[in-house]
Amino acid sequence: GAWAREMNRVDMPVKAGKQVISSVTGSSSNRANPFVMLFRQDTTEQSGLCYGFHLLYSGNHYECAEVNAYGKTRFAAGINPAGFSWHLAPGESFETPQSAMTVSGQGFTGMSHQMHAFINTHIVRGKWKNRIRPVLLNSWEAAYFDIDERKLLKLAQKAKEAGIELFVMDDGWFGKRENDKSSLGDWFADKKKLPDGLEGICKKVNALGLDFGIWVEPEMINVDSDLYRAHPDWAIKTDKYEPTQGRNQLVLDLTNPDVVEYLINTMTDVFRYGHIEYIKWDYNRQLSDIFSHRKDARSGEFFHRFTMGLYELWGALTERFPEILFESCSSGGNRFDLGILCYCPQIWASDNTDAISRADIQEGYSYGYPMNAVTAHVSSCPNHQTLRQTSLETRFDVALFGVLGYECNLSDMSKAELEAIGAQIALYKQWREVLQLGDFYRIETGNVQKWICVSSDKRRAVGMVLQRLVRPNWQHEDFRAAGLDESLRYHFYSLPGKFDIRDFGDLVNTVSPVHIKQGSLTHNVLAKFVTLPREVEDMIVSGGVLMGHGVKLAPAYSGTGYNEKTRHFQDFSSRLYFMEAI
């Protein structure tokens, strides 16, 4: 993949020679995740042989499947050998990264569930292991760098009214940070933006009944910063050439113990302010200009020593602040791996919050990672990364299958939108134990995508159907569940809703006694008072039937009229279906 399109599943035949994926960016990367599957050609979601491999490492990695002259396949994973060397003196030792392997005869689903259980049992740790995560509102897409305490508190008040539990102040609160060209490294509050500092805004947000969190990017430094002016030799760069900047920033040299110690102490001072409950830890560029000013530096050791410095930094801070919910981020999913998950329980999956893109990204992660490690936000439309328009319902339906958050300006939303978000959050809270701790199944992929999440006792489940593009005269669709108890009877249902008559354009004139011009004042006024009911599924059905035959959903609109039993299911539409044992 790449930035904003992480975790594409790409199938490659392993027949002869080598198939290799690797990273040389200094992180596990968004281009090639260190999770790999090997499976037979006839393997499906529910049947067939499938191996899953994870390298527990956040640096340059290498995975290779090699078929020899006798048709035998050998798989290797480890530190990328490109540019790597290590000096060992007599009596010294070197510890390689660990790797995890699982194998299942029950297809991709069986392999995924075993890997998910391993991660939740042995990788994620601390207070937040197997614990329900809060619904948050992040200020980034609402404010970007324009941090203003008054505006933030107004946004936080709206968040509280909607049922959100955690308010997060993103980039722009520190130093003289008006854009991405300055102040990384200067981790002190800008008193022009936050008159009472971090502690002051934290107390004010807490007074509203919300937990408070902040954004940091400890590993980075801007040339325009007090820290760089004091320690230019702490940045990764050569003295001979002008350094290459990414997002107008350089990376601090974590191979230098003095840098790591400084960051541990500095971040400790920051995290002590007020009552901070959550940290979003970002890492927004890759490594380049590889050079360390340490006198004992060896070039072949740099990348691995950087990763070890990173783990020392994460380890010290998570040990000092075990109550804080840490979330890793690296321009989205640029460092999504089991090494980082050892220190934090969740990772930002992608900077792309477009629901249709996210459906593919989140499904890609689901093969190797549990969905409670994947954070997903409902954001504004048109989407800030794709400019695509999707309904608030679709954005929510996709995001709730990860750890749900919101990243939009509630202060600018209409009363109807705020009420809809409040209803979404209330619904999510009813079902988030299933969604965050249950078993995730990929039922169908392609133009129509279907998922289900089932509680551990198999008594409750949430399913979703997502459609990308309408197929004309394709009325019939079913929902076939997975993971239920075939001996139990379930109440299968969807929720009622209303449609805007403007969705039907000038077809309104087929039922209106007077002509209504599309987009006219009359059309818009009429839409405020006249809505169309949505189809509702409601039945009692056995788990065996739900998983075997499935439920035939109401027929979709196909140009031949609409009533309350017709499924209005257009481009980028979705539905949630709920199952409760009775």
Side-chain angles (χ1 to χ4, degrees), residues 2-4 23-31 58-60 138-141 143-147 169-190 193 214-256 258-260 262-264 266-267 270 279-293 302-303 305-307 309-310 313-314 317 327-336 340 347-348 350-351 385:
W3 176 79
S23 166
V24 291
T25 65
S27 62
S28 48
S29 89
N30 49 30
R31 303 175 187 182
S58 306
N60 292 350
N138 185 289
S139 71
W140 178 242
E141 290 193 10
Y144 287 95
F145 295 102
D146 187 20
I147 296 296
M169 179 174 63
D170 209 285
D171 199 349
W173 61 266
F174 54 92
K176 298 177 181 177
R177 184 81 162 168
E178 303 299 333
N179 49 50
D180 61 11
K181 296 180 180 179
S182 78
S183 300
L184 284 174
D186 299 342
W187 297 107
F188 51 86
D190 183 345
K193 297 179 178 182
I214 60 170
W215 176 97
V216 294
E217 195 172 7
E219 300 153 75
M220 299 295 167
I221 187 171
N222 286 119
V223 172
D224 182 10
S225 68
D226 293 345
L227 182 62
Y228 185 84
R229 285 183 280 272
H231 296 283
D233 58 317
W234 282 7
I236 298 173
K237 64 183 181 67
T238 67
D239 293 327
K240 190 174 181 181
Y241 302 102
E242 186 71 21
T244 303
Q245 296 192 38
R247 201 180 181 245
N248 298 302
Q249 61 199 48
L250 301 175
V251 187
L252 286 168
D253 182 3
L254 298 190
T255 73
N256 185 336
D258 293 339
V259 173
V260 174
Y262 172 82
L263 289 177
I264 291 171
T266 300
M267 290 297 109
V270 172
I279 297 295
K280 179 182 177 183
W281 182 313
D282 218 335
Y283 176 81
N284 273 313
R285 63 155 293 180
Q286 299 166 347
L287 299 186
S288 65
D289 304 85
I290 304 304
F291 183 82
S292 176
H293 290 84
F302 183 89
F303 284 108
R305 288 193 182 278
F306 183 91
T307 303
L310 170 70
L313 176 59
W314 267 102
L317 291 172
E327 178 177 325
S328 177
C329 173
S330 179
S331 297
N334 195 49
R335 197 161 65 186
F336 203 118
I340 289 297
I347 303 176
W348 181 230
S350 176
D351 282 344
Q385 292 79 46

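Quick note: numbers below take in every heavy atom, side chains included, and nothing from hydrogens, waters or symmetry partners.
Note that NE2 of His231 is 10.5 Å distant from OG of Ser225, once rounded to the nearest 0.5 Å. Here Asp289 contributes atom CG and Lys240 contributes atom NZ; the two are 13.5 Å apart, rounded to the nearest 0.5 Å. Summarising the geometry, atom CG belonging to Asp190 is positioned 8.0 Å from atom OG belonging to Ser183; distances are rounded to the nearest 0.5 Å. With rounding to the nearest 0.5 angstrom, the OG atom of Ser292 is 10.0 Å from the CZ atom of Arg305. Atom OG of residue Ser29 and atom CZ of residue Phe336 lie 13.5 Å apart, to the nearest 0.5 angstrom.
Using a 4.5 Å cut-off on side-chain heavy atoms (C-beta onward), Phe302 and Ile236 make contact. The side-chain heavy atoms of Asn30 and Thr25, taken from C-beta on, include no pair separated by under 4.5 Å. Annotation: side chain of Trp234 is not in contact with side chain of Asp253 (no heavy-atom distance under 4.5 Å). Under the 4.5 Å side-chain criterion, counting only non-hydrogen atoms from C-beta, Met169 is not in contact with Lys193. Within the 4.5 Å cutoff, side-chain heavy atoms of Trp187 are placed close to those of Met267. By the 4.5 Å heavy-atom criterion applied to side chains, Tyr262 and Leu227 are counted as neighbours. Proximity of Ile214 to Lys280: side-chain heavy atoms (C-beta onward) are nowhere separated by under 4.5 Å. When side chains are defined from C-beta on, Cys329 does not count as touching Ile347, because their heavy atoms never get closer than 4.5 Å.
Every side-chain contact (heavy atoms from CB on, under 4.5 Å) that Asp180 has, sequence neighbours left out, goes to Phe145, Arg177, Arg247, Asn248. In this view, Val223 and Tyr228, Gln245, Leu250 satisfy the side-chain contact (heavy atoms from CB on, under 4.5 Å) rule, not counting sequence neighbours. Residues that satisfy the ring pair (Phe, Tyr, Trp, His ring centres under 6.0 Å) test with Phe291, not counting sequence neighbours, are His293.
Checking Asp282 against Asn284 by side-chain atom types alone, a donor-acceptor pair falls below 3.5 Å.
The two residues Phe306 and Thr255 have their closest heavy-atom pair at N-CG2, 3.4 Å. Residues Leu254 and Val259 come closest through the heavy atom pair CD2-CG1, 4.1 Å. The two atoms that bring Pro243 and Lys237 nearest to each other are CB-CB, 3.7 Å, heavy atoms only. When all heavy atoms of Ser139 and Ile147 are compared, the pair lying nearest together is OG-CD1, 4.3 Å. Nearest approach of Ile221 to Ala235, heavy atoms of both residues: CG2-CB, 4.2 Å. Leu310 and Ser58 make their closest contact through CD2-CB, 4.4 Å (heavy atoms, listed as atom of the first residue, atom of the second, distance).
Of the possible polar contacts, one joining the Arg285 side chain to the Gln249 backbone as a donor-acceptor pair under 3.5 Å is found. The backbone N or O of Asp224 lies less than 3.5 Å from no partner atom in the side chain of Ser182, so there is not a single donor-acceptor pair. Distance alone, capped at 3.5 Å, places no donor-acceptor pair between the Asp226 side chain and the Asp186 backbone.
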side-chain contact (heavy atoms from CB on, under 4.5 Å) assessment of Phe174 paired with Leu184: CA-CA 8 Å; Phe174 54 92; Leu184 284 174; 3.8 Å; yes
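Ring pair Trp314/Trp281 is parallel by interplanar angle, where below 30° counts as parallel and above 60° as perpendicular.
A centroid separation of 6.0 Å or more is found between the aromatic rings of Trp215 and Trp140.
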